[in-house]
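All figures in this text were calculated on a predicted structure; none of them were measured in a lab.
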Amino acid sequence: MSYDGLVSRYLNRPLSRPAARALRRTPVTPNQVTAFTLLLAVAAGAMLAAGWNIAGGIAIQAVSVIDGVDGELARLKNAATRFGAIFDAVTDRYADAALIAGMTVYAARFEDWPRPEFVGMLALGASLIVSYSRARIEADLPHVARQGNLDRIFGLASRDVRSLLLAIGAVLGQCYLALALVAALAGLTIAWRLAYLRFSPAASAPPSQG
């Protein structure tokens with residue numbers, strides 16, 4: 001099941017699809033693209049921690065665009081595997097951690113806000129739970145996920161949107177505010193999903209056994 005947020009649909013995909021087509025006839029594999037994306041995220045986090053906020057912000061958005069290349073390339077090469085999907089999901093979480101850590105260090109070193117480490121922890125925790133909640137819903141309630149209702153109201157904290165907000169905040173030198181905004185939007189997304197499922201008949205059925 002694949003869902004594109006607004007940023008992916010109108011900004012990232014128009015760039016990642018041509019890139020995947022360009023790589024189709026090369027020896028580059030989808031898993032290699034996934035690994036490169038993680039390395040770029042780590043580099044972006046290091047740039048931010050060092051104070052290179054503009055370069056780091058541009059790199060954050062580059063990570064977001066390239067993150068869509070591996071899946072597109074896997075489809076074009078007919079090379080999609082379950083391992084590749086899991087590898088991509090795991091490295092995405094590490095990439096999120098690297099970017100948010102870099103922005104938290106930047107906020108602590110170069111901005112005058114209270115407790116930036118606390119805001120960074122909130123942003124990271126909420127971001128991870130948004131991804132985790134979606135994975136659980138897709139696994140346990142695929143028919144609910146297919147309806148698309150879960151993202152109609154507070155779906156603004158999808159990963160592509162979070163990445164763009166972080167990128168803009170980094171370029172503007174406002175990492176603290178970007179982290180706080182991501183934490184707030186992700187928290188609202190989690191609350192909306194839980195509230196929606198609490199009163200959804202499809203989610204009230206007992207889990208299947210074994």
Side chain to side chain contact (heavy atoms under 4.5 Å, CB included) assessment of Ile86 paired with Thr81: CA-CA 9 Å; Ile86 294 171; Thr81 64; over 6 Å; no
Phe110, CZ atom: more than 12 neighbouring heavy atoms under 6.0 Å: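 Result for CZ/Phe110: enclosed.
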Whether Arg109 side chain and Ala49 backbone form a donor-acceptor pair below 3.5 Å: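 Judged by distance alone, yes, a pair lies under 3.5 Å.
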For [X] and [Y], work out which heavy atoms get closest and say how close.
| X | Y | result |
| --- | --- | --- |
| Ser16 | Gly68 | CB-C, 4.0 Å |
| Ile58 | Val171 | N-CG2, 4.2 Å |
| Thr189 | Ala157 | OG1-CB, 3.2 Å |
| Asp88 | Thr34 | CA-CG2, 3.7 Å |
| Gln174 | Glu111 | C-OE2, 3.6 Å |
| Arg193 | Val130 | NH1-O, 2.9 Å |

About how many Å separate [atom2] of [Y] and [atom1] of [X], when rounded to the nearest 0.5 Å?
| X | Y | atom1 | atom2 | value |
| --- | --- | --- | --- | --- |
| Ile60 | Ile168 | CD1 | CD1 | 10.5 Å |
| Phe87 | Asp92 | CZ | CG | 10.0 Å |
| Arg25 | Lys77 | CZ | NZ | 10.5 Å |
| Met47 | Ile54 | CE | CD1 | 12.5 Å |
| Asp70 | Gln32 | CG | CD | 11.5 Å |

Short N-O contact, Asp160 and Arg9, less than 4.0 angstrom: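 Between Arg9 and Asp160 there is no salt bridge, as every charged N stays at least 4.0 Å from the carboxylate O atoms.
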Carboxylate-amine/guanidinium proximity below 4.0 Å for Arg115 and Glu117: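 Here Arg115 pairs with Glu117 in a salt bridge, since their nearest N and O are under 4.0 Å apart.
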Show me the side-chain donor-acceptor pairs of residues 120-128 shorter than 3.5 Å, one per line, residues at least two apart or across chains.
| residue | atom | partner | partner atom | Å |
| --- | --- | --- | --- | --- |
| Ser127 | OG | Ala123 | O | 2.7 |
| Ser127 | OG | Arg162 | NE | 3.3 |

Distance-only side-chain donor-acceptor flag, Ser64 / Asn12, under 3.5 Å: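 Looking only at side-chain atoms, Asn12 and Ser64 do form a donor-acceptor pair, the distance falling under 3.5 Å.
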Polar contact flag, side-chain donor to acceptor under 3.5 angstrom, Thr29-Asn31: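 No donor-acceptor contact under 3.5 Å links the two side chains.
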Candidate list Val7, Leu11, Leu15, Thr37, test side chain to side chain contact (heavy atoms under 4.5 Å, CB included), partner Val65, passing option: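 Of all the options given, the one that passes is Leu15.
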